[in-house]
Every structure is written in C-alpha cells, then in structure tokens.
Amino acid sequence: MNYDPAGIRYLLALESSCDETAAAVIDRERHVLSSVVASQFELHRDFGGVVPEIASRAHVRRIIPVIDEALQQAGVTLDDIGAIAVATQPGLVGSLLVGLTAAKTLALVLDVPLVAVNHIEAHIYACRMAAGRDIFPTIGFVVSGGHTNLYDCRSPTEFELIGSTIDDAAGEAFDKVSQILGIGFPGGPAIQRHAEHGNPKAVAFPRPFLHNDRLEFSFSGLKTAVLYAFQGIPGSSAAPEPQTEQRIADISASFQAAVVDVLVSKCRKALQQRDRKSLCVGGGVAANKLLRAQLEQMTQRARVDLHIAPFALCTDNAAMAAIAWEQLDQGKVAALDVDVTPGLVRLGRPQPTATEVAG
Ligand code: KG4
Ligand code: ZN
C-alpha cells in the first residue's frame with residue numbers, strides 16, 4: 001500500500017497476545033494519548049495459570065469496548081487514525097488472532113497501513129517510551145511469564161537474540177514456586193510480598209549457569225529445589241521443616257535472591273560481551289523490586305545507562321507497540337493476509353521478525 005509516513009499523526013495499537021486486552025493511541029512524537037488495559041487476571045486466578053480458551057473468549061468480548069475507550073480517552077475518532085499496529089507474535093494463538101482480526105478489519109475499513117509488531121521487541125521499546133528519547137544501541141532484556149530473552153539491539157528495528165532460557169521463563173518459575181508454596185497467582189508479586197519478611201540466606205538454592213559465560217538461563221532445577229525444600233526430598237527419612245508462614249517467607253526470599261542473582265549476572269555478561277553502555281529491561285518480572293535494586297547497583301558500577309520500564313509499561317500493554325512507528329518510517333508494513341506466529345522464541349531456532357512474517 002502507498003502511504004506517506006510523515007502524513008500519519010495517530011497510531012492505534014492493539015495487544016492481545018496473552019491475557020490482557022489492550023489498546024493505545026500514540027502520536028508521532030511517541031506521546032501516549034491513551035493506554036487502556038483490560039486484565040483477565042480474575043478469570044484465570046483459580047486455575048493458577050492462563051487458560052488459553054478462556055483468554056480468547058474474553059478478548060473477543062473486550063476488544064471493541066477497549067478500542068472505544070482508548071479512542072475516547074485520547075479524544076480522537078477512528079477518522080484520525082493513520083495506521084493500525086498489532087502484536088502478531090509470540091503468544092497464545094487464539095488470543096493473538098483476536099487482536100489481529102480486529103486490526104485487519106480496521107486497517108481495511110479505514111484504508112490505512114497495518115503494522116505487525118513483535119510483542120517481545122515491544123517490551124524492550126517500552127523503555128524507549130519511558131525515556132522519551134533514543135536509547136539505541138542497547139542490550140535489551142525481556143523477563144516475563146513466557147520469556148527470559150537477552151537481545152543485542154543495534155537499532156529499534158535490529159534485534160539480535162543473544163540469550164534465552166533452555167526451559168522455564170523466570171516469571172513462569174515465580175508462578176510455579178508460588179503454586180508450590182500455596183501463596184497465589186500471579187506468583188511474582190506474591191513471592192515478593194512474602195520475601196519481605198524472609199531471610200534470603202535461609203536456603204542455599206542453586207544459581208543455574210551463574211559462573212559460565214553463556215547467556216543461557218535455566219529455572220526448572222531451581223523450581224524442583226524449592227519443592228524439595230518445602231515438601232521434603234521424596235524417599236528421604238529426614239522430615240522437612242514445618243510449613244509455617246516464616247518458612248514460606250524464608251523460601252520466597254531465598255528463591256527470589258537466587259533468580260535475581262542469575263538475571264543480573266547474565267545482563268552484566270551481555271553488556272561486557274557486546275560492549276554496550278545501555279541496558280533496557282522490560283516484561284512483568286522487571287516489576288520486581290529486588291531485581292530493580294540489583295540492576296541499579298550493577299549498572300552504576302559498570303557505568304552503564306539503565307532503563308527499566310515503569311510498572312505500567314512492564315506488564316502487557318499496547319503503548320509499547322509504539323515500536324510500530326519505527327517500522328512505519330522504514331516502510332515495513334504488513335499485508336492484510338499476515339498471520340500470527342505463536343511460537344516461543346528460542347535460541348538456535350531463529351524466529352522470523354514481525355516484518356519478515358509480514359512479507
Ligand atoms: O510481561 P507479563 O505481564 O506477561 C507475559 O508476557 O508473560 O509478565 C507476567 C509475569 C508473571 O509470571 C508474574 O508472576 C511476573 O511477571 N511478575 C513478577 C512481578 N510482577 C509480575 N515477577 C517477580 N516480581 C514481581 N513483582
Ligand atoms: Zn508480555
């Protein structure tokens with residue numbers, strides 16, 4: 001499609017990759033005129049995790065009211081919208097399809113360009129949004145319920161995956177450990193709360209891959225170590241310590257300290273290996289207070305600029321899909337038959353970029 005990027009004033013961005021239905025209106029200067037997020041937290045809480053079918057159905061019910069609300073809060077109408085951005089990868093297939101279908105319909109009806117956004121790259125771009133200025137080149141770190149990915153970001157449209165988890169994501173580990181301890185979902189905030197009253201040195205949990213230079217993470221062994229610490233080692237004659245509130249607090253604090261040590265150490269190694277002086281951190285786990293504090297310390301020592309997305313931009317939202325402006329300016333527009341790419345991004349199995357998928 002022919003379009004003049006300079007003639008576009010407002011972008012409408014949609015996000016429905018997992019369990020938040022979100023829409024935002026962002027202008028060319030990256031001002032967020034509105035950012036509406038409808039969380040499905042209460043729908044999935046009793047299941048201890050996101051149920052894909054429930055998520056898709058909730059997106060279908062909510063996407064139009066959320067778009068209406070975003071337009072209204074921004075004080076614009078659909079006629080003012082010059083482009084539609086939507087997260088097409090990665091995520092739950094049914095959830096992604098709801099956002100993409102809404103986005104395609106709007107692009108077709110309004111006759112405006114459609115931009116396919118990579119949700120993970122958008123999490124890193126959230127830091128650019130918060131900074132209000134260019135922050136590239138940078139190391140990008142996305143640490144969420146589905147991903148623990150390190151990127152070397154040469155520019156807002158050139159992301160190279162340089163590290164990821166070989167099993168569970170960090171947020172997934174928080175959620176599973178919280179389930180083991182019986183303290184609620186989502187696990188991150190629950191563990192952080194309990195950890196405040198606990199001793200981080202009470203249990204010496206493993207810190208997987210801490211001492212090697214590979215930018216790989218692994219959290220499934222740590223999760224098993226928590227299970228054994230809390231419930232006892234199967235077949236062992238030694239009785240586990242009583243499952244008191246204090247024991248839960250101590251295990252929470254010790255687990256959180258182990259995860260944070262590994263996350264911070266790998267960020268430091270990525271910065272060194274790629275000789276970068278900027279670090280951007282996004283995704284739900286970036287809301288963790290201990291992680292934020294230790295990243296501050298590490299980057300101060302290394303004289304590196306740290307950009308952590310503010311709380312509202314850490315968890316899933318559509319404002320971070322403002323990365324679509326960068327794609328629009330380079331003519332990277334999706335065709336109307338673009339599909340979703342649900343698969344997880346894993347090292348060694350390169351994922352096409354949103355633009356490549358768009359063709
Ligand atoms: O980015 P996000 O909202 O969704 C995904 O794309 O996954 O991240 C959700 C994850 C959950 O696993 C949740 O437990 C974790 O972020 N999380 C936290 C905290 N707040 C949310 N983990 C640790 N500490 C927190 N304060
Ligand atoms: Zn996310």
Side-chain angles (χ1 to χ4, degrees), residues 13-22 24 35 37-41 44-45 47-50 52 55 59 86-92 95-96 99 117-127 140-149 164-165 168-181 183-196 198 200 217 219 222-223 252-253 255-264 280-295 308-321 323 342-345:
L14 308 183
E15 153 63 44
S16 67
S17 63
C18 188
D19 61 339
E20 327 279 356
T21 320
S35 177
V37 182
S39 165
Q40 299 179 8
F41 156 72
H44 304 283
R45 184 178 42 204
F47 300 96
V50 177
H59 284 308
V86 62
T88 56
Q89 65 162 318
L92 300 170
S95 292
L96 286 166
V117 167
N118 179 317
H119 173 83
I120 306 298
E121 297 178 0
H123 267 302
I124 294 170
Y125 200 75
C127 296
F141 188 35
V142 178
V143 62
S144 70
H147 300 92
T148 313
N149 287 4
S164 70
T165 177
D168 293 349
E172 196 178 350
F174 270 97
D175 293 336
K176 287 178 178 168
V177 162
S178 176
Q179 212 168 12
I180 292 170
L181 300 177
I183 55 175
F185 172 81
I191 287 179
Q192 176 172 290
R193 224 173 24 251
H194 285 267
E196 281 167 17
F217 303 88
F219 295 108
L222 179 54
K223 183 185 65 193
S252 295
F255 163 79
Q256 181 177 253
V259 174
V260 167
D261 273 358
V262 176
L263 297 179
V264 174
C280 289
V281 188
V285 183
N288 185 271
K289 287 184 199 160
L290 182 69
L291 176 62
R292 295 171 90 95
Q294 293 205 3
L295 283 172
I308 306 185
F311 290 103
L313 288 176
C314 274
T315 44
D316 288 350
N317 65 86
M320 63 190 190
I323 193 170
L344 281 179
V345 181

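Numbering of residues begins at 1 and proceeds along the displayed sequence. Counting convention: from 1, in listed order, for ligands and their atoms alike.
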Worked verdict on Phe47 versus Phe185 for ring-ring contact (aromatic ring centres under 6.0 Å, His included): CA-CA 9 Å; Phe47 300 96; Phe185 172 81; 9.9 Å; no
Chi angles and distances behind the side chain to side chain contact (heavy atoms under 4.5 Å, CB included) call for Leu222, Val259: CA-CA 9 Å; Leu222 179 54; Val259 174; 3.6 Å; yes
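By the ring pair (Phe, Tyr, Trp, His ring centres under 6.0 Å) test, Phe141 pairs with Phe217, sequence neighbours left out. With sequence neighbours excluded, no residue forms a salt bridge (Lys or Arg N to Asp or Glu O under 4.0 Å) with Glu20.
Less than 2.8 Å away from the Zn ion (ligand 2), the protein contributes these N/O/S atoms: His119 NE2, His123 NE2, Asp316 OD1.
Side chain to side chain, Asp316 and His119 meet the donor-acceptor criterion of an N or O pair below 3.5 Å.
Among protein residues, His119, His123, Ser144, Gly145, Gly146, Gly171, Phe174, Asp175, Pro186, Gly187, Gly188, Pro189, Gln192, Gly283, Gly284, Val285, Ala287, Asn288, Cys314, Thr315, Asp316 come within 4.0 Å of ligand 1, judged on heavy atoms.
Although no hydrogens or angles enter the test, the distance criterion places a donor-acceptor pair under 3.5 Å between the side chain of Gln192 and the main chain of Lys289. Checked by atom type and distance alone, the side chain of Ser178 never pairs as donor or acceptor with a backbone atom of Ile191 at under 3.5 Å. Looking at His147, its side chain never comes within 3.5 Å of a backbone N or O of Ser164 through a donor-acceptor pair.
A heavy-atom distance below 4.5 Å is not found between the side chains of Val86 and Ser16.
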